[in-house]
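Structure first, then comments.
Model, not experiment: these values are computed from the prediction.
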Amino acid sequence: MLQIKSFVFSPIEENTYILFNEINDCIIIDPGFYFDEERNTFENFINEKKLTPKLLLNTHCHLDHVFGNKYVADAYKLIPQIHKNEKEVLEFAPVSGLKYNMPFDNYVGELIYLKEGDKIIFGKDELNVIEAPGHSPGSICFYCKKQNFIIGGDVLFQRSIGRTDLPGGSFETLVNHIRNKLFVLPDETKVYSGHGNVTTIGEEKKYNPYLQ
């Protein structure tokens, strides 16, 4: 059974997730720590829990979700796993960092590409990859059917959705994917978003103003 630990990192207040199992192996999703003290907080949790990082996953590659990619990849000898349509977004991230006065050392190297229908087998657990572009051209979500949760990145938020005014964004595309890919999941499915609070599919069907 997977346990989920979340951190809020950087001035952009991005949610970084660590999923860990009963044998203390863990998956790192969207490492967004920017400051040294944030990285230390992240590292201290892994060390205190005696976790062994096994996978580095990105829901998408906007700068706030990849600030920590290089550090995690180097420290734990991991290859980032992304959708192929996010490669250019990842490469552009440092330019975005300069625009927001947030320079950072970006990951450059080998990538593993994920696509719709891929299954990430992690010990006794499994995450299904769901493609949901619209916020970013290669946004993906990680769905755990057994435990009824989804790590959704910036696709769906509590009472909101990801912004669509960035390169590769499309409001119509995003809304269609939410309705056809996420809203078909059970209402009780917990949604762990890239920013903000945890919500559920059922709550967003009822109350999300962008999806009525």
Side-chain angles (χ1 to χ4, degrees), residues 1-10 12-22 26-32 55 57-62 64-65 81-83 85-86 114-166 168-212:
M1 182 173 178
L2 293 172
Q3 297 186 61
I4 302 173
K5 172 66 177 178
S6 64
F7 304 89
V8 179
F9 286 144
S10 88
I12 305 176
E13 298 185 335
E14 180 264 359
N15 291 334
T16 292
Y17 293 100
I18 298 177
L19 280 54
F20 58 100
N21 62 18
E22 64 281 351
C26 73
I27 300 171
I28 298 164
I29 302 180
D30 291 352
L55 297 171
L57 309 179
N58 287 118
T59 60
H60 64 298
C61 294
H62 286 150
D64 50 325
H65 293 256
Q81 301 190 37
I82 68 174
H83 190 277
N85 291 346
E86 288 298 295
L114 299 171
K115 63 182 184 304
E116 176 84 22
D118 282 351
K119 296 182 186 301
I120 297 167
I121 307 300
F122 189 68
K124 299 177 182 177
D125 300 291
E126 180 178 293
L127 300 175
N128 293 298
V129 176
I130 297 173
E131 293 180 5
H135 168 69
S136 191
S139 288
I140 52 178
C141 306
F142 303 104
Y143 173 53
C144 181
K145 182 177 181 179
K146 183 169 73 172
Q147 289 181 233
N148 255 341
F149 71 80
I150 189 166
I151 310 292
D154 290 1
V155 173
L156 179 65
F157 301 131
Q158 185 181 51
R159 311 299 187 268
S160 189
I161 60 173
R163 59 186 294 185
T164 56
D165 59 337
L166 298 171
S170 165
F171 177 83
E172 182 179 356
T173 299
L174 179 59
V175 168
N176 284 340
H177 279 101
I178 292 171
R179 287 180 173 142
N180 296 321
K181 297 284 190 72
L182 272 60
F183 278 8
V184 297
L185 301 176
D187 283 354
E188 62 270 22
T189 303
K190 287 186 177 180
V191 180
Y192 292 89
S193 303
H195 303 270
N197 298 326
V198 180
T199 185
T200 67
I201 293 296
E203 284 183 46
E204 298 315 307
K205 282 183 181 177
K206 288 183 180 179
Y207 304 117
N208 194 307
Y210 295 91
L211 295 152
Q212 299 306 308

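- Crowding of Lys124 atom NZ: a count of heavy atoms from other residues, nucleotides or ligands under 6.0 Å not exceeding 12.
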Verdict with supporting geometry, Lys119 and Asn128, side-chain contact (heavy atoms from CB on, under 4.5 Å): CA-CA 5 Å; Lys119 296 182 186 301; Asn128 293 298; 2.9 Å; yes

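- Of the inter-residue distances, the one linking Glu14 atom CD with His65 atom NE2 reads 5.0 Å to the nearest 0.5 angstrom.
- Side chains of Phe149 and Val198 form no contact here, defined as non-hydrogen atoms less than 4.5 Å apart.
- Remark: the backbone N or O of Thr173 is not paired with any side-chain donor or acceptor of Asn176 at under 3.5 angstrom.
- Around atom CZ of Phe183, more than 12 heavy atoms belonging to other residues, nucleotides or ligands sit under 6.0 Å away.
- Atom OG of residue Ser139 and atom CD1 of residue Ile82 lie 11.5 Å apart, to the nearest 0.5 angstrom.
- Separation of atoms CD1 (Ile178) and NZ (Lys205) is listed at 13.0 Å; rounding is to 0.5 Å.
- Note that the CD1 atom of Ile18 and the CD1 atom of Ile27 stand 11.0 Å from one another [nearest 0.5 Å].
- Minimum heavy-atom separation, Pro186 to Ile201: O-CB, 3.6 Å.
- Using a 4.5 Å heavy-atom threshold, the side chains of His177 and Glu131 count as separate.
- Counting only residues at least two apart or in different chains, ring pair (Phe, Tyr, Trp, His ring centres under 6.0 Å) contacts with residues 120-144 comprise His60-His135, His62-His135.
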Candidate pair Thr59 and Asp30, rule side-chain hydrogen bond (donor to acceptor under 3.5 Å, both in side chains), full reasoning: CA-CA 7 Å; Thr59 60; Asp30 291 352; 2.6 Å; yes

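- Partner of Asn208 under the side chain to side chain donor-acceptor pair (under 3.5 Å) criterion, chosen from Lys206, Glu204, Gln212: Glu204.
- Atom NZ of Lys181 sits in a crowded spot, with more than 12 heavy atoms from other residues, nucleotides or ligands closer than 6.0 Å.
- Side-chain contact between Ile4 and Tyr17: present, with at least one pair of heavy atoms (C-beta onward) separated by less than 4.5 Å.
- The nearest pair of heavy atoms linking Thr199 to Arg159 is OG1-NH1, 4.0 Å.
- Under the 4.5 Å side-chain criterion, counting only non-hydrogen atoms from C-beta, Ile12 is in contact with His195.
- Ser6 and Asn15 form no side-chain donor-acceptor contact under 3.5 Å, judged by distance and modelled atom types alone.
- Counting only N and O atoms by type, the side chains of Ser136 and Glu86 include a donor and acceptor under 3.5 Å apart.
- In this structure, Glu116 and Ile130 have side chains that are in contact, with non-hydrogen atoms separated by less than 4.5 Å.
- Applying the salt bridge (Lys or Arg N to Asp or Glu O under 4.0 Å) test to Glu13 and every residue at least two apart in sequence or in another chain returns nothing.
- To the nearest 0.5 Å, atoms CG (Leu211) and CG (Leu156) are separated by 6.5 Å.
- Taking all atoms of both residues into account, the shortest heavy-atom contact from Cys26 to Phe20 is CB-CB, 3.8 Å.
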Trace of the side-chain contact (heavy atoms from CB on, under 4.5 Å) decision for Ile140 with Asp118: CA-CA 11 Å; Ile140 52 178; Asp118 282 351; over 6 Å; no

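- Between the side chain of Thr164 and the backbone N or O of Gly169 there is no donor-acceptor pair closer than 3.5 Å.
- When every heavy atom of Cys141 is checked against every heavy atom of Ile150, the shortest pair comes out as CB-CD1, 3.6 Å.
- In this structure, Asp125 CG and Lys146 NZ are separated by 4.0 Å, a value rounded to the nearest 0.5 Å.
- Put simply, the side chain of Leu114 does not reach to within 4.5 Å of the side chain of His83, judged on heavy atoms.
- Taking every heavy atom of both residues into account, Cys144 and Leu127 meet most closely at CB-CD2, 3.7 Å.
- Taking the side chain as every heavy atom from C-beta outward, Tyr192 and Leu19 never approach each other to under 4.5 Å.
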